[in-house]
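One structure is given here, and the rest of the page talks about it.
To find a chain, count down the sequence lines: A is the first, B the second, and so on, and within it residues start at 1.
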There are 2 protein chains.
Amino acid sequence: MTTDRWLSAEQLHAWVRFIAVVELLPGVLDTQLQKEAELTHFEYFTLAMLSEAPDRTLRMTALSTATNSTLPRLSHVVARLEKRGFIARTPCAEDRRATNAQLTEAGWEKIHSAAPGHVSTVRDRVIDTLDATDIADLDRIMSKVLASLDPGNTFTLLDRSA
Amino acid sequence: MTTDRWLSAEQLHAWVRFIAVVELLPGVLDTQLQKEAELTHFEYFTLAMLSEAPDRTLRMTALSTATNSTLPRLSHVVARLEKRGFIARTPCAEDRRATNAQLTEAGWEKIHSAAPGHVSTVRDRVIDTLDATDIADLDRIMSKVLASLDPGNTFTLLDRSA
DNA sequence: CCAATTTACTTGTCGCTACAACCAAAGTAG
DNA sequence: CTACTTTGGTTGTAGCGACAAGTAAATTGG
């Protein structure tokens with residue numbers, strides 16, 4: 001900020017493409033999931049995180065970091081998913097401020113029925129356009145950026161999900 | 001979809017980090033611009049695209065592809081920016097269905113005053129965490145993904161902007 | 001042990017985006 | 001030319017996320 005630190009031609013070229021993808025990707029994921037499962041990608045991801053947690057249960061705070069979201073946002077989303085019968089909220093015994101979100105049987109079935117279509121679009125639109133080298137590079141680069149965007153929470157990531 | 005084409009461990013690892021970044025990055029950009037310039041990143045980008053166009057003018061359709069957005073979305077955004085005096089809309093002479101969006105002098109000043117702060121955060125949070133190899137890899141990978149997400153419109157991208 | 005603070009979460013409101021519907025002008029077919 | 005379709009754009013509505021405020025329980029400090 002002190003000096004005019006503009007971007008180099010290479011940096012700018014990469015950046016413009018990057019934000020284009022960031023702008024377009026959510027829409028692509030949402031559209032497919034909305035049509036085939038009546039689910040937002042964020043809702044899908046929330047259910048997915050729960051489905052892999054022990055006892056399919058997570059405290060709201062843990063779930064919010066797992067989904068890279070804020071607590072208010074998660075609270076609204078979980079409220080909706082609870083109304084639809086996919087999640088049950090119960091007060092936590094050890095800490096009575098806390099709330100446990102648990103995937104119901106219906107929620108379990110929901111995500112398992114939605115998963116194949118979702119994974120298919122992820123493959124078609126992103127993953128399968130990249131070779132093994134690309135994947136390794138993407139992983140390395142996104143890990144760096146993530147560490148900068150979300151310092152400290154990176155370690156929270158579960159490695160199984162989609 | 002026919003077979004169980006789940007993701008490999010490497011693919012999944014990269015994918016989870018990728019969507020985490022996709023989820024977090026817009027918020028980071030929006031927050032900074034909102035505080036320092038009362039602008040959405042999308043509004044900033046819209047103004048930026050106009051500022052680099054000949055005569056600082058673009059037809060709505062051209063602007064919508066340049067900003068990777070839909071026409072309804074752009075129409076709303078331009079309407080707001082027009083109310084704030086940053087853009088002027090005028091009917092197009094050659095094609096009377098079309099509308100030209102032109103950056104006003106106030107809009108020109110706005111984006112120039114907002115640019116340093118924005119570029120600074122882009123550097124701090126993303127670009128400067130990556131070395132030259134990373135940048136080249138990012139560019140290559142995002143170009144591939146973009147071609148898959150937005151077939152045909154990739155060539156539309158202007159290379160000067162941020 | 002009581003006040004102050006922090007943590008965990010919920011709720012209300014506002015603004016933005018997606019989607020659908022709409023209108024008008026331009027191209028196209030008969 | 002006249003109907004039909006396509007293109008270019010706007011507008012209305014509904015739903016989601018951000019932010020601010022609020023509640024309640026746990027923790028900390030004197």
Show each protein N/O and nucleotides 19-27 of chain C N/O combination with a separation under 3.5 Å, one pair to a line.
unit_1: C:dA26; atom_1: OP1; unit_2: B:Arg96; atom_2: N; d: 3.2
unit_1: C:dA26; atom_1: O4'; unit_2: B:Arg97; atom_2: NE; d: 3.4

Self-check item: Interatomic distance, B:Leu74 CG vs C:dC16 P [rounded to whole Å]
Solution: 14 Å
Exercise. Go through the side-chain N and O atoms of B:Asp139 and B:Ser143 and say whether any donor and acceptor fall under 3.5 Å apart.
Key: yes
Quiz item: Rounding to a whole Å, what distance do you find between B:Leu33:CG and C:dC16:C1'?
Solution: 16 Å
Practice problem: Find the distance A:Lys35:NZ to C:dA18:C1' and express it as a whole number of Å. | Solution: 12 Å
Quiz prompt | Rounded distance in Å - CG (B:Leu71) to P (D:dT10) | solution = 7 Å
Quiz item: Is the charged tip of B:Arg73 near the ring of B:Phe42: under 6.0 Å from the six-membered ring centre and within 45° of its axis?
Solution: yes
Self-check item: Separation between CG of B:Asn68 and CG of B:Leu74, rounded to the nearest 0.5 Å
Solution: 11.5 Å
Quiz item: Is a salt bridge present between A:Lys110 and A:Glu43, judged by a nitrogen-to-oxygen distance below 4.0 Å?
Solution: no
Quiz item: To the nearest Å, how far apart are B:His41 NE2 and C:dT17 C1'?
Solution: 16 Å
Quiz item: When you look at CD of B:Gln34, are more than 12 heavy atoms from neighbouring residues, nucleotides or ligands closer to it than 6.0 Å?
Solution: yes
Quiz item: To the nearest angstrom, how far is B:Glu38 atom CD from D:dC19 atom P?
Solution: 14 Å
Quiz prompt | Out of D:dA18, C:dT10, D:dG17, whichever nucleotide has its closest atom nearest the side chain of A:Thr70 | solution = D:dA18
Quiz item: How is A:Thr99 classified with respect to the nucleic acid when contacts are heavy atoms under 4.0 Å: base, sugar-phosphate, or nothing?
Solution: sugar-phosphate
Practice problem: Give a yes/no answer on whether the side chain of B:Arg80 brings an N or O atom under 4.0 Å of OP1 or OP2 in C:dT17. | Solution: yes
Quiz item: Cut-off 3.5 Å, side chains only: do B:Arg80 and B:His76 have a donor facing an acceptor?
Solution: no
Quiz item: To the nearest Å, how far apart are B:Asn68 CG and C:dT17 P?
Solution: 14 Å
Practice problem: Whole angstrom is fine here: how far is it from CG in A:Asp30 over to C1' in C:dT17? | Solution: 11 Å
Quiz item: Do A:Asp150 and B:Arg125 meet the salt-bridge criterion of a basic N to acidic O distance under 4.0 Å?
Solution: no
